[in-house]
Peer 1: 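The structure follows.
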Amino acid sequence: MDSLIQPYDFQMEMIERTRFFVRNGRRTPLIQAATGAGKTVIGSWIARLGIEKGKQVLVLCHTRELVNQFSQTLWDCGVPN
């Protein structure tokens, strides 16, 4: 699919760092970034990569607006329903 959201270089670096920490035993990584930095895109790509490896992924959001935003971004990043 050509229309998939592709992470920027700095987002890809955060994705790879997070995956590195998880692979090396850190089960609760924290991603902190400024407003507008694309945390939803980062989380969606981490979810996608985990699902592609057969992992189960749970996304929790505390407002309906964030649930809708994350759901759409997961779809836009190629995560199946």
Peer 1: Any side-chain donor paired with an acceptor under 3.5 Å for Asp76 and Gln72?
Peer 2: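 Distance-only check passes for Asp76 and Gln72.
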Peer 1: Apart from Ile51 itself, which Ile, Leu, Val, Met, Phe, Trp or Tyr residues share its cluster (side-chain heavy atoms under 4.5 Å, direct or through members)?
Peer 2: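 Noted: Ile51 shares its cluster with Val57, Val59, Phe70, Leu74, Val79.
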Peer 1: Does OH belonging to Tyr8 count more than 12 external heavy atoms closer than 6.0 Å?
Peer 2: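 No, because the 6.0 Å sphere around OH of Tyr8 holds 12 heavy atoms or fewer from other groups.
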Peer 1: Could you give the distance from OG1 (Thr40) to CD (Gln11), rounded to the nearest 0.5 Å?
Peer 2: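 If I round to the nearest 0.5 Å, the distance is 10.0 Å.
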Peer 1: Taking only residues at least two apart or on different chains, which pairs with a member in residues 21-34 satisfy salt bridge (Lys or Arg N to Asp or Glu O under 4.0 Å)?
Peer 2: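 Of all non-adjacent pairs touching residues 21-34, none passes salt bridge (Lys or Arg N to Asp or Glu O under 4.0 Å).
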Peer 1: Mind checking what makes side-chain contact (heavy atoms from CB on, under 4.5 Å) contact with Thr28, not counting sequence neighbours?
Peer 2: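 Applying side-chain contact (heavy atoms from CB on, under 4.5 Å) to Thr28 gives none.
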Peer 1: Report whether Ile5 and Ile31 are members of the same hydrophobic cluster (ILVMFWY, side-chain heavy atoms less than 4.5 Å apart, transitive linking).
Peer 2: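 Yes, Ile5 connects to Ile31 through the hydrophobic network.
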Peer 1: Tracing side-chain links under 4.5 Å among I, L, V, M, F, W and Y, which residues wind up in one group with Leu58?
Peer 2: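 Via sub-4.5 Å side-chain contacts, Leu58 links to Leu60.
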Peer 1: Please round to the nearest 0.5 Å and tell me the distance separating atom CD1 of Ile46 and atom SG of Cys77.
Peer 2: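 Taking CD1 in Ile46 and SG in Cys77, the distance rounds to 11.0 Å.
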Peer 1: For residues 12-22, run the donor-acceptor check on the side chains, cut-off 3.5 Å, and write out each pair with its distance to 0.1 Å, sequence neighbours left out.
Peer 2:
unit_1: Glu13; atom_1: OE2; unit_2: Arg17; atom_2: NE; d: 3.3
unit_1: Glu13; atom_1: OE2; unit_2: Arg17; atom_2: NH2; d: 2.9
unit_1: Thr18; atom_1: OG1; unit_2: Met14; atom_2: O; d: 2.8

Peer 1: Please collect all salt bridge (Lys or Arg N to Asp or Glu O under 4.0 Å) contacts where either partner lies in residues 62-73, sequence neighbours excluded, each pair once.
Peer 2: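 Non-adjacent pairs meeting salt bridge (Lys or Arg N to Asp or Glu O under 4.0 Å): zero.
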Peer 1: Holding to side-chain contact (heavy atoms from CB on, under 4.5 Å), I want the full list of residues that pass it with Val67, two or more places apart in sequence or in another chain.
Peer 2: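 Testing Val67 for side-chain contact (heavy atoms from CB on, under 4.5 Å), a comparison that skips the adjacent residues, returns Cys61.
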Peer 1: Applying salt bridge (Lys or Arg N to Asp or Glu O under 4.0 Å) as the test, list every pair that has at least one member in residues 39-56; sequence neighbours left out.
Peer 2: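 Listed by first then second residue: Arg48-Glu52.
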